[in-house]
There are 2 protein chains.
Amino acid sequence: MTVNQIVSESGTSKGGFYHHFQSKDELLYVIHDYFISYVLTKAKEADSSSKKPTEKLQKIIQSFVKVFHLYKPHISVFYQESMYLKPEYTEEIKKKRDSYKNLIFKCLEEGREAGEFRPEVPVDITGMTILGMVNWTYKWYQPGGEKTIDEIGSIFVDLILNSLLTDSAKQKKEYQKFFLKSGLAEDKL
Amino acid sequence: MTVNQIVSESGTSKGGFYHHFQSKDELLYVIHDYFISYVLTKAKEADSSSKKPTEKLQKIIQSFVKVFHLYKPHISVFYQESMYLKPEYTEEIKKKRDSYKNLIFKCLEEGREAGEFRPEVPVDITGMTILGMVNWTYKWYQPGGEKTIDEIGSIFVDLILNSLLTDSAKQKKEYQKFFLKSGLAEDKL
DNA sequence: TGGGACAGACCAACCAGTCGGTCTCTGCCT
DNA sequence: AGGCAGAGACCGACTGGTTGGTCTGTCCCA
């Protein structure tokens, strides 16, 4: 996407564009900030809303998935254009992405220490797994598709918790709501 | 990466480059073919090597992860530059990536029908989850890092099978080797 | 009347791709 | 054997088009 395309499709002009942004890179930075702020806020809320790592993780994942619904255009543009960002901006962006990553890692570590998450699965790989599976949704998620974003989020939560929780934690009544129902009614896949 | 950089860093010339490739896009296509051929071959081998979906899935994931070790430079270049590929090449590439995706989906479907995989988790989302978590490794995997690629593969397999297998399938003796040991020896994370 | 919001012609840099030319190896004719 | 022709490998100056960014100027409101 060139600056000329941007200004023509948004109905302004080169002059107007560079009146508001120092450079094309700054626009990309602003776009990134738009959605990273959302997930960071939501993750911090989740972190302070409860003391149970399992609950926190569920909330983090659900809001993480939701961002791909709310800001799909922003995210697509970011991943398409971010390769050629100038170092000054990449650094700032990396900081925010790192602090998000660390929130997830911290939550996984807490769950492990609380004895709810299986101790034999390493926190770092699990963290990158979550980031990978959720971030990848920008490649295939279609708003208005057969599954809503909340349904997709619930499936992700089910998958992650089923592989993370210890057998005893899985039995807890208050966590049953995080698992997909395996009722008689077959899923209409 | 410009053509000028490519030829200077590889010690040839513009003329030499365009003698071997029709265009810069063709080079990218060749690079992609290099590693997609590997995973496709391995996945087909896995598919015909056994009748048990669980075993097949384990082999597919393990070889899928391994490609990021064997061809990391190829894969990084591909994801960095593939945005601006001309349609003719994107189509060809998409075909191969789709056939890989379909192998995974088929395997998941078979496991579901065989009663080994939980029927309540949808095949399509699970498939995209696997593709996402594995494909994302190109962003963080470092050859020579603290975990080998086979260890990472085993962790992925453990996570996926733990969330996919039914309780009864998890008990099967021949599948125990796919799970991380939860021995007394604490993981040195 | 002066300053912020915007317009759009313009520019320098850069890029993929071209094209005329050189160098070298091979095989064939004498 | 020696020379020669021609094909393929490779070179790099050049080009046409595109890009991010600038600059002069206009409009409008306080």
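This is a predicted model, so every value here is computed, not measured. Numbers restart at 1 for each chain; the letters A, B, ... are given by sequence-line order, proteins then strands.
In this structure, B:Y141 and B:K72 approach most closely via the heavy-atom pair O-NZ, 3.0 Å.
Atoms CG (B:N4) and P (D:dC11) sit 14 Å apart, rounded to a whole Å. Rounding to whole angstrom units, OH of residue B:Y84 and C1' of C:dA16 are separated by 15 Å. As a whole-Å value, the separation of B:Q22 CD from C:dA16 C1' is 14 Å. Atom CZ in B:F21 sits roughly 13 Å away from atom P in D:dA9 (whole-Å rounding). Distance, B:M1 CE to C:dA16 P: 11 Å, rounded to whole Å. When rounded to the nearest whole Å, the span between CD1 of A:I6 and P of C:dG8 equals 17 Å. Taking atom NE2 of B:H20 as the reference point, atom P of C:dG17 lies 16 Å away to the nearest angstrom. In this structure, A:Y29 places its OH atom 21 Å from P of D:dG20, rounding to the nearest Å.
Using modelled atom types, one finds a donor on one side chain and an acceptor on the other under 3.5 Å when comparing A:S49 with A:K59. Judged purely by distance below 3.5 Å, without hydrogens or angles, the side chains of B:Y175 and B:Q58 never pair a donor atom with an acceptor atom.
Residue B:S13 is the one, among A:D25 and B:S13, whose nearest nucleotide of DNA chain D lies closer to the 5' end (criterion: closest heavy atom).
Checked against C:dG17, D:dG20, D:dC10, the side chain of B:K86 finds its nearest nucleotide in C:dG17. When the nucleotides C:dC15, D:dG12, D:dG20 are ranked by their closest atom to the side chain of A:Y18, D:dG20 comes out on top. You'll find that the side chain of A:H19 is closest to C:dA5, out of D:dC11, C:dA5, C:dG8. Checking D:dG20, C:dT18, D:dC11 against the side-chain heavy atoms of B:K14 singles out C:dT18 as nearest.
A:K24 comes within 4.0 angstrom of sugar-phosphate atoms only, judged by non-hydrogen atoms across all strands, and of no base.
Surrounding CD of A:E174 are more than 12 heavy atoms belonging to other residues, nucleotides or ligands, all under 6.0 Å away.
B:K51 and B:E110 are not joined by a salt bridge, as no carboxylate oxygen comes within less than 4.0 angstrom of a charged side-chain nitrogen.
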